[in-house]
Amino acid sequence: EAGVAQSPRYKIIEKRQSVAFWCNPISGHATLYWYQQILGQGPKLLIQFQNNGVVDDSQLPKDRFSAERLKGVDSTLKIQPAKLEDSAVYLCASSKGQGATDTQYFGPGTRLTVL
Amino acid sequence: QKEVEQNSGPLSVPEGAIASLNCTYSDRGSQSFFWYRQYSGKSPELIMFIYSNGDKEDGRFTAQLNKASQYVSLLIRDSQPSDSATYLCAVNKRSGGYQKVTFGTGTKLQVIP
């Protein structure tokens with residue numbers, strides 16, 4: 001079974017530029033998560049999808065971040081315009097979406113550096 | 001008060017010793033508790049989860065849950081240098097019709113040969 005795929009693995013941009021990250025979850029997984037992990041901190045949930053719909057985007061800075069999940073499969077996270085404080089690893093995870101013991105599987109992450 | 005709290009460490013233990021990692025949570029409605037391991041520069045990977053009070057063992061790992069004290073721990077027996085990593089505690093609760101997971105900041109473990 002293939003794992004969660006993410007691209008690109010690394011991205012360097014200047015502040016005020018835009019960037020997009022792509023995620024392909026494990027086949028059949030209903031729930032998809034985007035996390036931001038700043039060095040030395042735990043993953044912070046940005047947005048959670050259940051199939052096509054958003055169930056939690058309470059911590060997504062909506063003035064600059066947007067995300068979509070097309071046809072309940074792949075997802076894209078965009079930042080426009082980027083700020084210095086957006087430098088972090090962006091992790092995508094997926095799970096079956098089946099109750100309290102639902103296990104998340106993480107992709108390799110995208111390391112973003114904003115100069 | 002943070003939803004999930006962990007001591008950031010580093011926790012240093014000699015090879016072969018028992019490493020004890022602790023996590024407290026604030027919401028009594030939390031249902032299940034996960035331990036993930038994250039090597040430097042890598043993504044988190046699941047070690048185990050627990051949802052009933054008591055102990056759950058998986059190989060060298062034992063998770064312990066005490067809901068009354070809102071406390072969950074991970075014991076690593078016979079610690080190896082390869083166990084050196086950051087250990088993330090994650091707490092799952094039902095919220096508005098979906099499962100909400102919150103991660104702690106992680107505890108860095110160093111196993112000294």
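Just so it is clear, the model here is predicted, and its values are computed rather than measured. The figures here come from the full heavy-atom set of this structure, side chains too, leaving out hydrogens, waters and symmetry mates. Every chain is numbered from 1 and lettered A, B, ... according to where its sequence line falls, protein lines coming before strand lines.
- Applying the 6.0 Å contact sphere to OH of A/Y10 captures no more than 12 heavy atoms from other residues, nucleotides or ligands.
- Interface remark: B/F33 contributes no atoms to any contact with chain A (heavy atom separation under 4.5 Å).
- Hydrophobic clustering, with ILVMFWY side chains joined whenever heavy atoms are under 4.5 angstrom apart, groups A/I13 together with A/I79.
- Using a 4.5 Å cut-off between side-chain heavy atoms of Ile, Leu, Val, Met, Phe, Trp and Tyr, with links allowed through other members, B/F103 and A/I47 fall into different hydrophobic clusters.
- With a threshold of 4.5 angstrom between heavy atoms, A/Y105 does not approach chain B through any atom at all.
- Chosen from B/G41, B/S8, B/P44, the residue pairing most often with chain A at heavy-atom distances under 4.5 Å is B/P44.
- With a 4.5 angstrom heavy-atom cutoff, A/P108 touches chain B only via backbone atoms.
- Connection of A/Y35 to A/W22 is not established within any shared hydrophobic cluster, with ILVMFWY side chains joined at heavy-atom distances below 4.5 Å, either directly or through further cluster members.
- Along residues 66-75 of chain A, no residue comes nearer than 4.5 angstrom to chain B, judged on non-hydrogen atoms.
- Using a 4.5 Å cut-off between heavy atoms, A/Q37 touches chain B through its side chain atoms alone.
- Under a hydrophobic-cluster definition in which Ile, Leu, Val, Met, Phe, Trp and Tyr are linked whenever side-chain heavy atoms come within less than 4.5 Å, directly or via other members, B/Y25 and B/W35 are assigned to the same cluster.
- Ranked by heavy-atom pairs under 4.5 Å with chain B, the list A/Q41, A/Q104, A/Q50 is led by A/Q104.
- Within residues 51-62 of chain B, the residues having any heavy atom closer than 4.5 Å to a heavy atom of chain A are B/Y51, listed by residue number.
- Among all heavy-atom pairs drawn from B/Q99 and A/G99, the shortest one is CG-O, 3.5 Å.
- By the 6.0 Å contact criterion, NZ on B/K108 is open, its count of non-hydrogen atoms from other residues, nucleotides or ligands being 12 or less.
- Within a 6.0 Å sphere centred on NZ of B/K67, other residues, nucleotides and ligands contribute more than 12 heavy atoms.
- Interface remark: of the candidates A/L91, A/D56, A/T31, A/D56 forms the most heavy-atom pairs closer than 4.5 Å to chain B.
- In A/L39, the CG atom is not crowded: 12 or fewer heavy atoms of neighbouring residues, nucleotides or ligands sit closer than 6.0 Å.
- Linking ILVMFWY residues whenever their side-chain heavy atoms come closer than 4.5 Å, directly or via other members, places B/V91 and B/V72 in the same cluster.
- In terms of heavy atoms, A/T101 sits closest to B/S32 at N-OG, 4.4 Å.
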Side chain to side chain contact (heavy atoms under 4.5 Å, CB included) assessment of A/F106 paired with B/Q38: CA-CA 11 Å; A/F106 286 83; B/Q38 187 172 27; over 6 Å; no
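- Closest of all the heavy-atom pairs between A/A100 and B/N92 is O-ND2, 3.3 Å.
- Of all heavy-atom pairs spanning B/F34 and A/D102, the tightest one is CZ-O, 3.3 Å.
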